[in-house]
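Below: one structure, written as structure tokens.
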Amino acid sequence: MQDSQKCKLVLIHGFPFDSSMWNSVLSLLESRYHVVNLNLPGFGNRPSIPNGSIADWARDIEKQIREQNISEQVDLCGLSMGGYVALEFAAQFPSRLSRLILCDTKTTIDTSEARSVRLTMADRLASGDESVVQQTMHQLADDMPSKLLSATTINSDQQLVEEVKQMILSIPPATLAAAQRSMADRRDTTEVIRSLDCPVVGIVGSDDEITPTQLMRDIIQTAKRGHLEIIEQAGHLPPLEKPTNFVAAL
Ligand code: MLT
């Protein structure tokens, strides 16, 4: 199939990663889709938006799609933080969507405890004190893999565990701080799902402890045209943990 005839698939990465988190599925996806792998503001080479909200980030995604001269509808796929942005995009630009694909994400806001943990981390990352910044970055890189990856992945794929750590350490601390602040202030988007006429596909790892399968099932059940795919033995990052199964689900 010629690239111009393929369905456009826009990818939005999760936290604390940039668009390179999709690298293990890109070649598999490109045989089927015209893939548009985007960075959120401040990530990769994308300029930041000072005090940008998740809604501002959704407008930036729409701008990036226009900059690529894509005028037709797109399949929009966001993972976790990318899902928060995809939901805001769906609220603002519903007619731009052929499908909304939500991976390991949620529509609800943070608990007050989770919000305060985020803001404390943001303060430390933006403190300007290099030793505090480095200590916070290394703590994040050490702690996150066991939260993000399933026990199966951790026990069988030490290389991926190491890659995840390195990916985290490659993101600028100020960018991570800004992302934590934007996520802490996000709104509840449950009603957005209900309002959409396009298909809404949920994909979630069976062992995801951050966004458990039941939570994703509840979200997808509110959609007019919802469908849920569960990726066995994956945690919060199915595209990295089970790339072939993830692409088949998509
Ligand atoms: C992500 O994977 O993007 C994060 O779990 C999102 C969050 O911190 O809420």
Side-chain angles (χ1 to χ4, degrees), residues 10-25 37-44 46 52-55 57-58 61 76-89 101-125 136-137 139-150 153-154 160-161 163-165 167-173 175-190 202-205 207-213 215-216 219 231 234-242 246:
V10 176
L11 301 174
I12 314 178
H13 58 87
F15 176 93
F17 305 110
D18 61 19
S19 62
S20 67
M21 67 151 264
W22 300 104
N23 283 356
S24 43
V25 285
N37 186 14
L38 299 180
N39 277 300
L40 289 167
F43 291 86
R46 194 72 191 157
S53 64
I54 295 288
W57 287 12
I61 291 291
L76 181 64
C77 173
L79 187 140
S80 201
M81 173 177 73
Y84 307 156
V85 179
L87 281 156
E88 270 297 343
F89 183 105
I101 302 150
L102 299 172
C103 310
D104 304 84
T105 194
K106 51 183 176 278
T107 55
T108 46
I109 59 171
D110 289 341
T111 61
S112 56
E113 190 194 347
R115 185 169 191 278
S116 126
V117 170
R118 272 196 208 286
L119 295 177
T120 303
M121 188 192 293
D123 287 346
R124 291 175 65 84
L125 289 168
T136 311
M137 286 299 289
Q139 195 178 345
L140 194 63
D142 288 341
D143 291 352
M144 286 302 271
S146 63
K147 294 184 181 145
L148 294 170
L149 303 169
S150 69
T153 304
I154 289 172
L160 180 58
V161 175
E163 279 170 20
V164 165
K165 282 188 187 181
M167 280 195 274
I168 295 171
L169 290 172
S170 74
I171 309 293
T175 294
L176 295 180
Q180 287 290 41
R181 292 195 175 117
S182 305
M183 287 193 283
D185 288 341
R186 74 187 188 277
R187 68 176 175 119
D188 187 301
T189 47
T190 309
I203 303 180
V204 64
D207 303 344
D208 185 347
E209 288 178 5
I210 300 177
T211 46
T213 51
L215 193 137
M216 286 288 294
I219 293 175
I231 311 292
H236 193 59
L237 301 177
L240 287 85
E241 300 179 73
K242 296 280 173 197
F246 175 81

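Position 1 is the first residue of the sequence; numbering continues from there. In each ligand, atom 1 is the first atom listed, and ligand 1 is the first ligand listed. All of these numbers come straight from a predicted model, not from anything done at the bench.
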Quick one: pull up OG in S19 and CD1 in I12 and give me the separation to the nearest 0.5 Å.
11.5 Å
Nearest 0.5 angstrom please: S24 OG to E241 CD, how far?
10.0 Å
Tabulate distances under 3.5 Å between N/O atoms of ligand 1 and N/O atoms of the protein, writing both atom names on each line.
unit_1, atom_1, unit_2, atom_2, d
ligand 1, 2 (O), F15, O, 3.2
ligand 1, 2 (O), S80, OG, 3.0
ligand 1, 2 (O), H236, NE2, 2.8
ligand 1, 3 (O), F15, N, 2.7
ligand 1, 3 (O), S80, OG, 3.2
ligand 1, 3 (O), M81, N, 2.8
ligand 1, 5 (O), S80, OG, 3.2
ligand 1, 5 (O), H236, NE2, 3.2
ligand 1, 8 (O), R118, NH1, 3.0
ligand 1, 8 (O), R118, NH2, 3.4
ligand 1, 9 (O), Y84, OH, 2.5
ligand 1, 9 (O), R118, NH2, 2.7

Consider only side-chain N and O atoms of T211 and D208, and report whether a donor and an acceptor are under 3.5 Å apart.
yes
Using a strict cut-off of less than 4.0 Å between a Lys/Arg side-chain nitrogen and an Asp/Glu carboxylate oxygen, indicate whether D143 and K165 qualify as a salt bridge.
no
Decide, yes or no, whether a salt bridge links R187 with E88 under the criterion of side-chain N to carboxylate O below 4.0 Å.
yes
Mind telling me whether F246 and W22 have parallel, tilted or perpendicular rings, with 30° and 60° as the class edges?
tilted
